[in-house]
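Contents: one structure, followed by commentary.
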Amino acid sequence: MNRISPDIIWQAMIETVYMVSVSLLIGTLLGLPLALLLVLTRPNGIKENKIAYFILNSMINIIRSLPFIILLVAIVPFTRLIVGKTYGTEAAIVPLIIYIAPFIARLVETSLLEVNPGIIELAKSLGAKPLQIVRHFLIPEALASIILTLTTATIGLIGATAMAGTVGGGGIGNLAISYGYQRFNTFVIILTVVILIIIVQIIQTLGSYLAKKIRHQ
Amino acid sequence: MIVFKHIVKEFYQKKKKITAVNDVSLEVQKGDIFGIIGYSGAGKSTLIRMVNGLENPTSGQIIVAGKDIQTLSPNEKIFNKKKISMIFQHFNLLESKNVFDNVALPLKLRNESKEEIDRKVKEMLSFVGLEDKDKNYPNQLSGGQKQRVGIARALVTNPEILLCDEATSALDPKTTKSILKLLKRVNEQFNITILLITHEMAVIRDLCNKVAVMENGQLIESGNVIQVFGQPKESTSKDFVETVITHKIPKDLLDFYQKNKQSYTLLRLKFLGENTASSLLFQLNKRFNHVESNIVSANVTELEGTTLGIFTIAFSANESIIQEMKAFIKEFNVIVEDVNI
């Protein structure tokens, strides 16, 4: 079977968009608070807490050091617990979230640390409480950088979804591997790569545009 | 208004103990524009940050508006901070917010109503002369305009004390002058006590009524500006004064008087405040009309609304006449010093 129908491609695109958007959304919801905790509890942070920082920091490092394909298999029991099955698109989303949340946490942490220390000093001089510092000073000042960070995370996720085929996740990347690579169909490989390039270009352009708009430059 | 009592601040850098502030006692009175001057690393920055709790002293007491700030509860501390505002060397404006929102920020933290915020912010922007820039973003402003925004943001909460952390050090001389003028207006119009730190003596000269000189964490000299400028005691103070009031003798004159040391004696006369130079010089020349007198260098500076005149004069007279002249000069309440060349 060398021919590939537009339906299959369309279906794969839907699967990719579905996996990426759900795991990006939940990954961000988990990653942002983690990043804030890292920044607040770090040595000389606004709410310095050595133990909390150490635990959080090590956990993120451990998860981030696992190759995605290993993580995917290793957490199968956990996946079953959460979504009730170990195969299919939903089953792929669980490891994708666990993969991307610490990645987002680390990248957003960097964005937050880049905020001019003078701004934190200003916030303290105005008597702002820690939550006010986060809301009125840290996040607005880091927002443009956070958007670029999330753009990077999204593109990283698209790469990771290709491996989601292992647990039947589907998607464009899976199409490239199962229809193209494993069946020696060069056309499918080229087609899927072109589609991926276009998606990545669109996401990056959108991210850069938004960041630029927020920076007021 | 602000009293520092035996303030010590120590911290450790790579296990080495550093004493940033070493037993400093100081009093700033209500309505003062008090300047602390020192080279970088003198400890002045650490000291000013203790007033609003950005730093805590290792030992000693700080009393702000009658309250020992270390004994305050966290809530009272925040309340106290609201009476104290600060402006910064690098302005610390939020790049993501426009001028209006930057100035509104302290009021937003206090959950004031939109109408109140609108009214107060507009009032302050017009006070600093930026009413037409409210929609601009910080990166569209010049350094001087950025500091004006910083000042508007500091004043919008009606503080009693304004702390200025090297507020003009990132600005060019012309902009510095206009910001200093604005700070003077802040002090006069709103009766706000200003405590500033700087390494520029010109800032002290143009703005302050009191000055303290810091070196290696210690306070080496303090007093009214006119006193410290007229008679600096410590060598660092003298160095600072010389950056704005030079009584350096021009080289060719110096050569001449060095060669003719036998026939001339050089005296430095300092007129502080109301003493006018002209009357003394006239009386001096009338009384000692046989003595040749040449002005070698002269400098008149305006300080706190009065003048400080420093004249170096060469007199051709013998030792006993010189003593007589010194006594005569002192009768006019003018300070007279020997000049060694």
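Quick note on labels: first sequence line is chain A, next is B, and so on, each numbered from 1. Since the model is a prediction, treat every value here as computed from it, not as a measurement.
Put simply, NE2 on A:H136 and NZ on B:K108 are 8.0 Å apart, with the number rounded to the nearest 0.5 Å. The structure places CD1 of A:I119 at 8.0 Å from OG of B:S96, a figure rounded to the nearest 0.5 Å. In this structure, CD1 on A:I120 lies 12.0 Å from CG on B:L54, to the nearest 0.5 angstrom.
Residue A:R135 places its CZ atom among 12 or fewer non-hydrogen atoms of other residues, nucleotides or ligands, all under 6.0 Å distant. Residue B:Q189 places its CD atom among more than 12 non-hydrogen atoms of other residues, nucleotides or ligands, all under 6.0 Å distant. Within a 6.0 Å radius of OH in A:Y209, other residues, nucleotides and ligands contribute 12 heavy atoms or fewer. Heavy atoms of other residues, nucleotides or ligands lying less than 6.0 angstrom from NZ of A:K47 number 12 at most. Applying the 6.0 Å contact sphere to CD of A:Q201 captures no more than 12 heavy atoms from other residues, nucleotides or ligands. Enclosure of atom CD1 in A:I14 by more than 12 non-hydrogen atoms of other residues, nucleotides or ligands within 6.0 angstrom is indicated. Remark: B:K83 NZ is packed, more than 12 non-hydrogen atoms of other residues, nucleotides or ligands lying under 6.0 Å away. Heavy-atom contacts from other residues, nucleotides or ligands closer than 6.0 Å to CZ of B:F190 number more than 12.
A salt bridge between A:E141 and B:K97 is absent, with no side-chain N of the basic residue lying under 4.0 Å from a carboxylate O of the acidic one.
Contacts between B:R49 and chain A at a heavy-atom distance below 4.5 Å involve the side chain alone, from C-beta outward.
A side chain to side chain contact (heavy atoms under 4.5 Å, CB included) with A:S125 is found for one member of B:N52, B:I84, B:I87 and no other, namely B:N52.
For the residue pair B:L109 and A:Q132, the shortest heavy atom distance occurs at O-NE2, 3.1 Å.
Taking non-hydrogen atoms and a 4.5 Å limit, the residue list of residues 147-169 of chain B in contact with chain A, ordered by number, reads B:R153.
Of the residues considered (A:N116, A:L122, A:L126, A:V115), A:L122 shows the highest number of contacts with chain B, using heavy-atom pairs under 4.5 Å.
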